[in-house]
Each structure stands twice: as C-alpha cells, then as structure tokens.
> 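What follows is a single structure, and I will ask about it in a moment.
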Amino acid sequence: MFKRSHTCGQLRQDHVGLAVTLSGWVNSYRDHGTDLIFIDVRDRFGITQLVFESDGVSAADMEAADKLRNEDVISATGTVRIRKGGPNPKLATGAIEVVVTSLTLLNKTDNPPFLPDDMGQLPNEEIRLKHRYVDLRRPRMQSILGTRHRVTKIARDYFDENGFLEIETPILYKSTPEGAREFLVPSRNVPGNWYALPQSPQLFKQILMVAGCDRYMQICRCFRDEDPRADRQAEFSQIDLEMSFVQREDVMEVMEGFARRLWSQALGVTVPPLKRLTYSEAMERYGIDRPDTRYGLEIHNISDLAARIDFGVFKSALEKNPGTRHQGVVKAIVVSAAQGAERLTRKILDSYSEFVKTFGAGGVPVVKVNAQGVFETGIAKFLEPLRGELTDRLALKPGDLVLFAADANNIATKAMGELRQKVARDTGVVPEWGKAWNFLWVVDFPMFERDKESNRWVAMHHPFTAPRHDQQQAFLAADPSDEEAIAAIVSAGYDMVVNGSEIAGGSIRIHDPAVQGKVFGLLGLTPQQAQDKFSFLLEALRFGAPPHGGVAFGLDRLIMHLVGTDNIRDVIAFPKTQIGADLLTRTPSPVTDEQLKELHIKSTWTPNV
RNA sequence: GGGGCGGUAGCUCAAUUGGUUAGAGUACCGGACUGUCGAUCCGGUGGUUGCGGGUUCGAGUCCCGUCCGCCUCGCCA
C-alpha cells in the first residue's frame, strides 16, 4: 500500500504511538548492518526518519531496506515514537522517528545523475535542465514553486477584491510585426496564412474594455522570439491588467496596492508609498529608465564646466550633434572614499574603458583626489583649471575618485548608467538580497524615439499608449516632420521599478481614433496598412470605447525578487536555454514531411555537409 | 549576428612546459557494523577528455572547424 496517512513533514511528538504510513523518496540511508537501518524519506513537505529494526519487521522487508538507495520511491508503515538516539534539530520532524513494520518499494531508481539536495555544489545547469524532474525535487526549487503559486493566488484574490474579471485571450493570434520578433504558426485551413503567438494580450484587453468588461486581469503567457538574458525568456508570464474609466493615478494606485499586498504577504515587508521620478530625471541622474536607488553614485552633468577647458577628449565630445537632444555632454560619477573607492584598483578602473566601449563610448577618464585635494592621474593636468569648481559642485573630498564619460548625450548617458551599476557592484555598496526594497515610479516617458537603423519613429512603450492628458492637443497639433517637437511629446505611461529592475509597466491607452491614426502615421503606417493590421482596433475605437488604461507585471521577475535569485530559469519549472531549447523534452524537434505538407509549408533548411 | 567564459568518470573537480598506465571526492557495486542523521570503516567497478580534422616521435593540453551550456552587446513595440 502507498496511500499515506501523513506527509513527511507532518509528524511531531503529539503523534507518538500512532500507526502511520509515509510515502516518498529516499533522501539518505544509514545502514548499520543486518539489525538496524535508518532511512530518511522525503516528500515536498519535509523529511522523516524511518527506522528498520530486525525484530520489528519481516526478514524480507529488512533485506529490502538494506538495498534501498537515494531517490528510490517507497512507502512505509510503522509506529511513531520519540527518537531513541536523541532529536535532530535540523529536521522539523526531528523529535520523532517511525519504527517501520512494513515496507513497499514503489520505484527502484537507476543511479540518479545527481542528488537533489541544496547542501553541496549544484551540477551544471545543462544537467539540471536535462533531468529537471530531479532538480525540481530540491527543497529550494520546491520552495520557489510554492512562492510562485502563492503569488498567483494573491494576485487573483487581490484583483478579484478590486472588481477585476479574469478572462482568457487567444494564444493563436494575428501577426503584428512591429515590436518583438514573433513565433509563427501555420494555418492548415487557410493555406499560406499564419497565426502568431502573442507578444502580449494588449489589443484583446483593450477590446475587452470596449466590450464593457470594465476591469480585466489574466495571468498570461507571452512570447517574444528574441535572444534571452539572465532575466529574460522567449516564453514568459505576465499578470496582465486593464481598467476602464481611469486616469494614470487610478491604475498606479491599484498597482501600488498590489505590490504592497504582495511584499507584505510573501515577505512580511511593508512597502512605503512610492516616490516618482520622471523619465528625464531618471536618465539625467541615473542614466537609465529603471534606476537602482539603493545606493548613491548619481551622475552629474558637467558639460558647462568641461566646455571651458582645452582637453581634446571633452572638446570633441561636446561638438557632437550640436543643437539636438543628442548633443555631446560630459558626465561624471563620484566614488567617494566612504563608498569604497579604494576597492577600485588600477586594474578595475582600466577595465571600465573596455566596459563602456560595449555601449559605444570611448573610454573612462579618471581622476583621483589626493590628500591635499589635488587631482592625480593622467588627465589631472587638463582638469586643473576646473579643480575648484569641480570640487565644489561634486563635493569632492580627499580619497574620492571621479569617473568621466564624454560623448553624444545618448551614448554618454547609457555608458554612465551601466557603469554606475558596475561600480556599485565592484565597490560592494549594493545591499544583499532582502536588506532593501527601493520601489519607485518612472513616469512621463517620451511617446516616441528614433530608431537608429531605420531612422524612423518607434513607440517607446507601444503604439496604443496615449499622450499624457495635457499633451493631447500638442500632439494632435504637432507637425510630424518636426523631429524635436515629436520627441518632446510625453506619454501617459508608467513603470514600477524595484531595486533597479522594471517589474511592471503600463499606460493609459488611446481611445480616440484620431489620435490612434496619427500615431500609426508617425510610425510609418499608411492608412491602408493601419487598416489591414488593426482594423478591428480602429473600428472598436469608433463603437463606444471608454477611456481605459492598464499595466502588466512581469510575473517571472516578481518571483525572482521574492525568492532572491538572479536566474530566471530558477523560477520557471521548465525553462528554455539560450537557443530556445528545452533540454528535458528535446524541443524544438524535426517534424515529418507529411506534417509540413498538410500545413502547406516547405522547409528551406538544409543540413551542412 | 558580435564578444567573453566553460565542456575530463553518473556528478563536482584536478592533471606542472606537449611526455609514464588521465587522478581525487562523491555516487554506484561488494563486504563489515544495533542509534545514525551529509553515518563510519575496508575493498572494487567506472573514461570516445563534447564532436571532426590538423601539427607533433608524442595532444586532455597547441591550431582550425563545429556542437552544446552560461554571461553579455545588438535585439526585447
């Protein structure tokens, strides 16, 4: 029999004397010979020690117990008693043991590729993913799966209480090639036509608002066929929301309430009211649209001072793109002695130039402030005329380091934003997990940005994002050819950021067909193209569309924060690798010519000979 | 598409300048052991050094190609 009476984490002193049956995996065995064997049996709920004594169990069962090995699946019946050898404080069940009277071996395991314990070093990730069923047995992974379950439950409860309706939207959807690369699915019934997997349910949830659903939520899967990162998968999950008759503040209030509920229930952490940063402020002070405010190291614009000295590096940078928003700038980060400037060795500082080159910047000039307040290092003599003013403006003290970036505004900003985070890691000023939760809002994003390659406008958030309420008239009046005017339009978007990570983003949507048409036009869609791709949306906007807006939380990233991992694969039961492969099921995989034919497609792939 | 790191026993790793029969821990197999708890002790099995070429008297080590995993730039409306 294997129907258990209790779980492996359940038994306590109160249960002493009870006849019980436990089922689970052999976590470890301690074989003391023909008369005494200990087996720790494990399930999702815990570990319990079983004792086999030769005078309490049949000879056959004793022999079977002798042969048990790690990860065998067993069921054992016996009696609970206080441990004879003293309690084991490491186990929740450590006060008791179960003296076994009968044993059933349910599944004899082959020698497992690795043991699912969290004590030693983990095998490499390839092995873990190949044998995911073993990896997921680890208590740590079970705990993460448990957190993930609780988060989705809290989300459903919270949004239910706030009047949201959970509604499913299609996975087989229409291709809308703006944005991320899509996964395509061929249609059998309509030869030559295709579905796409949704990058997000964006338009369906807007249609649901037009359909009078008022408040929608869904825990949905999204698909973007782009290269992954440590915190990004091609297939990922969102807590997706949309609300009718709301302005920006209304959505933000609901979001903030959810974040507060989540951190409270999952971690016991109280989230204070969120501060707000505008996008331009974030970019200016932190060089990134999702600032990590757990440490200082803010970025200073010293272009005005830099322009006054004869230093070639600064001079040539400042001459870039005159009169535009990408005009050359000189920016500085101060690493104070108190923030661990001495940890930035010559070698590390040298590596920073290589580091910023990956973002297109030229290098990182450095000066060090010596004990007399005088600048040292190679470029010190060029900066000497500015020493007094720089010392005042940057509040420099002996022992401080100043790191510079001089380039076109967008490049210098990006390089400094990334460098700031790297410096923080290198100096050790980033608090360890769980010590600080710096939530904030970023608002007032530009509606559009210029795509470098195609030199066209692209929507910064997405093409359905509305201009901020007070920008609507300016937007409708703006001349599409006036680049600076278009770039200056601010959207009604908002991102929630915690510890430098974007965990949610959303916006008030366009509900006016005229505004939507102008956006499509700016994005380079002809009226005919807009009609072909989004006729359903444009029509819906003409048939009674309420003002609406919404947001999506990145579920995987939320879990990463709540469990303290920087690997997104740890929070997904069956994740994919860098090339989108599932090593467990060996996906993707070839299909037959018959399958292809039925779908009216032909592969152009040929094997390398 | 670019850059970086890695791939040696089931697993984690080692192997000096290119040089004897590629080692250790653990797992596994056999044995001993009545109070362990990451049991202990004794013995043993286990290798296409990712794969394919090349250089060399000799390659885990050097070269070329390729596959896989991770990090990253681009990309991610």
Side-chain angles (χ1 to χ4, degrees), chain A residues 27-40 47-56 66-67 69-71 83-91 93-94 97 99 109-131 134 176-182 198-200 202-203 222-234 236 354-360 414 418 422 447-449 451-453 456-465 493 502 505 507 519-520 523-525 533 554 566-567 569 576-579 581 583 586 608:
Chain A
N27 194 64
S28 69
Y29 63 96
R30 295 175 294 281
D31 182 348
H32 287 258
T34 50
D35 293 318
L36 179 68
I37 297 169
F38 297 99
I39 302 288
D40 285 352
I47 292 176
T48 300
Q49 173 167 288
L50 306 177
V51 195
F52 292 78
E53 293 170 332
S54 51
D55 54 5
D66 180 65
K67 292 200 165 64
R69 291 297 177 265
N70 294 330
E71 301 311 305
R83 285 191 179 213
K84 273 192 178 173
N88 180 355
K90 289 182 192 166
L91 295 180
T93 62
E97 61 192 8
V99 202
T109 183
D110 285 353
N111 188 18
F114 59 96
L115 293 180
D117 68 63
D118 292 319
M119 286 180 291
Q121 190 173 359
L122 288 175
N124 75 47
E125 206 166 351
E126 197 171 351
I127 301 289
R128 289 175 53 201
L129 293 174
K130 221 172 248 174
H131 305 277
V134 176
T176 53
E178 292 79 20
R181 191 181 298 117
E182 298 172 320
Q199 299 172 42
S200 83
Q202 180 60 35
L203 292 178
C222 305
F223 305 88
R224 295 177 190 174
D225 187 6
E226 302 290 351
D227 290 347
R229 289 288 182 276
D231 63 350
R232 225 169 68 190
Q233 284 260 301
F236 64 101
E354 281 309 306
F355 178 73
V356 298
K357 276 175 191 166
T358 60
F359 309 105
K414 167 91 174 163
E418 296 296 331
K422 187 165 178 60
M447 285 276 285
F448 305 99
E449 58 190 342
D451 181 67
K452 284 161 291 234
E453 279 167 26
R456 291 186 331 192
W457 290 112
V458 293
M460 190 152 191
H461 185 46
H462 58 52
F464 319 107
T465 298
E502 183 197 325
S507 62
V519 170
F520 284 151
L523 297 179
L525 293 181
K533 286 176 178 164
D566 51 13
N567 177 352
R569 294 175 300 281
K576 292 183 172 62
T577 68
Q578 295 273 319
I579 59 167
L583 300 179
R586 297 204 191 111
N608 292 320

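Computed from heavy atoms alone, side chains included, the values below leave out hydrogens, waters and symmetry copies. Letters A, B, ... are given to chains in the order of the sequence lines, protein chains preceding strands, and every chain is numbered from 1.
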> Starting from C1' on B:G10, measure out to CG on A:Asn124 and report it in whole angstrom.
13 Å

> Report which part of the nucleic acid A:Asp110 touches: base, sugar-phosphate, or nothing (heavy-atom distance under 4.0 Å, all strands).
nothing

> Give the rounded distance in Å between these two atoms: CG of A:Asp31 and C1' of B:C41.
13 Å

> When you compare B:C13 with B:C75, how far apart are their P atoms, in angstrom units rounded to a whole number?
35 Å

> Base, sugar-phosphate alone, or nothing: which one does A:Phe464 contact when heavy atoms must sit under 4.0 Å apart?
nothing

> Considering only B:C11, B:C37, B:G69, which nucleotide approaches the side chain of A:Asn88 most closely?
B:C37

> Compare all side-chain heavy atoms of A:Asp66 with those of A:Thr34 and state whether any distance is below 4.5 angstrom.
no

> Would you mind reporting whether A:Leu525 and A:Lys533 have side-chain heavy atoms less than 4.5 Å apart?
yes

> Is there, by distance only and without an angle test, a donor paired with an acceptor across the side chain of A:Arg83 and the base of B:C37 below 3.5 Å?
yes

> When the C1' atoms of B:C68 and B:U49 are compared, how many Å lie between them, rounded to an integer?
16 Å

> When all nucleic acid strands are considered with a 4.0 Å heavy-atom cut-off, which category describes A:Glu97: base, sugar-phosphate, or nothing?
base

> Using purine N1 to pyrimidine N3 plus N6-O4 or O6-N4 for Watson-Crick, or N1-O2 and O6-N3 for G-U wobble, each under 3.5 Å, what pairs with B:G65?
B:C51

> Looking at B:C37, which nucleotide sits across from it as a Watson-Crick or G-U wobble partner, both distances under 3.5 angstrom, or is there none?
none

> Heavy atoms under 4.0 Å, any strand shown: does A:Gln578 hit a base, just sugar-phosphate, or nothing?
base

> Give the rounded distance in Å between these two atoms: CG of A:Asp55 and P of B:G35.
14 Å

> Would you measure the distance from the C1' atom in B:C5 across to the matching atom in B:G10 and give it in whole Å?
25 Å

> With sugar-phosphate meaning primed atoms plus P, OP1 and OP2, does A:Thr34 contact a base, only sugar-phosphate, or nothing at under 4.0 Å between heavy atoms?
nothing

> In whole Å, I'd like the distance from the CG atom of A:Leu122 to the C1' atom of B:G69.
15 Å

> Write down the distance separating the P atoms in B:U66 and B:U40, rounded off to the nearest Å.
48 Å

> Look at all strands and tell whether A:Leu91 reaches a base, only sugar-phosphate, or nothing, counting heavy atoms closer than 4.0 Å.
nothing

> Got A:Arg232 and A:Arg224 here, is their nearest side-chain heavy-atom distance under 4.5 Å?
no

> Any stacking of A:His32 on B:A39, going by centres under 5.5 angstrom and planes within less than 30 degrees?
yes

> Tell me if the side-chain of A:Arg30 makes a donor-acceptor pair with the base of B:G38, cut-off 3.5 Å, by modelled atom types.
no

> With the criterion set at under 5.5 Å between ring centres and under 30 degrees between planes, would B:U36 be stacked on A:Phe38?
yes

> Only pairs with both distances under 3.5 Å count, Watson-Crick or wobble alike; so what is the partner of B:C29 in this structure?
B:G43

> Base, sugar-phosphate or nothing for A:Asp227? Non-hydrogen atoms, less than 4.0 Å.
base

> Over how many whole Å does the gap from A:Glu125 atom CD to B:C71 atom C1' extend?
11 Å

> Looking at every strand, decide which applies to A:Gln49 at a 4.0 Å heavy-atom threshold: base, sugar-phosphate, or nothing.
base

> Using the P atom as the reference point in each nucleotide, state the distance between B:C29 and B:U17 in Å, no decimals.
40 Å

> Check this one for me: any side-chain N or O of A:Gln121 less than 4.0 Å away from OP1 or OP2 of B:C13?
yes

> How long is the line joining NZ of A:Lys422 and P of B:C73, in whole Å?
11 Å

> Please pick, from B:C71, B:U34, B:A39, the nucleotide with the shortest atom-to-atom distance to any side-chain atom of A:Ala230.
B:C71

> Just one of A:Lys130, A:Lys576, A:Arg569 clears the salt bridge (charged side-chain N to carboxylate O under 4.0 Å, His left out) bar with A:Glu125, so which one?
A:Arg569

> Examine B:C73: is either OP1 or OP2 under 4.0 Å from a nitrogen or oxygen in the side chain of A:Arg229? Give yes or no.
yes

> Let me confirm one number: the CG-CZ distance from A:Asp31 to A:Phe38, rounded to the nearest 0.5 Å.
10.5 Å

> If you only use heavy atoms from C-beta on, which nucleotide in B:U72, B:C70, B:A27 is closest to the side chain of A:Thr577?
B:C70

> So A:Phe355 and A:Phe359, would you call those rings parallel, tilted or perpendicular, with 30° and 60° as cut-offs?
perpendicular

> Under a 3.5 Å cut-off for both contacts, is B:A24 paired Watson-Crick or G-U wobble with anything, and if yes, with which nucleotide?
B:U12

> Looking across every strand, which nucleic acid part, if any, lies under 4.0 Å from A:Ile579 by heavy atom: base, sugar-phosphate, or nothing?
sugar-phosphate

> Which heavy-atom pair separates A:Thr176 from A:Gln199 by the least distance, and what is that distance?
O-NE2, 3.8 Å

> Considering only the C1' atoms, how many Å lie between B:G23 and B:A15, rounded to the nearest integer?
7 Å

> Taking pairing as Watson-Crick or G-U wobble with both contacts under 3.5 Å, can you name the mate of B:A59, or confirm there isn't one?
none

> Take atom CZ of A:Phe355 and atom C1' of B:G4, then tell me their distance rounded to the nearest Å.
14 Å

> Give one of base, sugar-phosphate or nothing for A:Ile127, where a contact means two heavy atoms less than 4.0 Å apart.
sugar-phosphate

> Taking the nucleotide of RNA chain B with the closest heavy atom to each, which residue, A:Gln199 or A:Pro112, is nearer the 5' end?
A:Pro112

> Can you tell me if A:Lys130 touches the phosphate of B:G69, counting only side-chain N or O atoms and a distance under 4.0 Å to OP1 or OP2?
no

> I want to verify a distance call: between B:G30, B:G74, B:G69, whose nearest atom is closest to the A:Ala581 side chain?
B:G69

> What integer number of Å spans the P atoms of B:C62 and B:C28?
35 Å

> Between B:G50 and B:G60, how many Å separate the two C1' atoms, rounded to a whole number?
12 Å

> Does any donor-acceptor pair link the side chain of A:Asp225 with the base of B:C76 at a separation under 3.5 Å?
no

> Heavy-atom count check: over 12 atoms from other residues, nucleotides or ligands less than 6.0 Å from A:Asp451 CG?
yes

> Hey, does A:Gly86 reach any base, or is it just sugar-phosphate, or nothing, if we go heavy atoms under 4.0 Å?
base

> Ignoring hydrogens and angles, answer whether the base of B:C75 and the side-chain atoms of A:Arg232 contain a donor-acceptor pair closer than 3.5 Å.
yes

> Relative to the 5' end of RNA chain B, which residue comes earlier, A:Tyr29 or A:Glu226, by the nucleotide with the nearest heavy atom?
A:Tyr29

> Under 4.0 Å between any heavy atoms, over every strand shown, what does A:Arg569 touch: base, sugar-phosphate, or nothing? Just pick one.
sugar-phosphate

> Counting C-beta onward and ignoring hydrogens, is there a side-chain heavy-atom pair between A:Phe448 and A:Leu523 closer than 4.5 Å?
yes

> Counting heavy atoms from C-beta on, name the nucleotide in B:C13, B:C33, B:G69 closest to the side chain of A:Leu583.
B:G69

> Quick check for you: to the nearest 0.5 Å, what is the distance between A:Ile37 atom CD1 and A:His32 atom NE2?
9.5 Å

> Roughly, in whole Å, what's the span from CG in A:Asn111 to C1' in B:G10?
5 Å

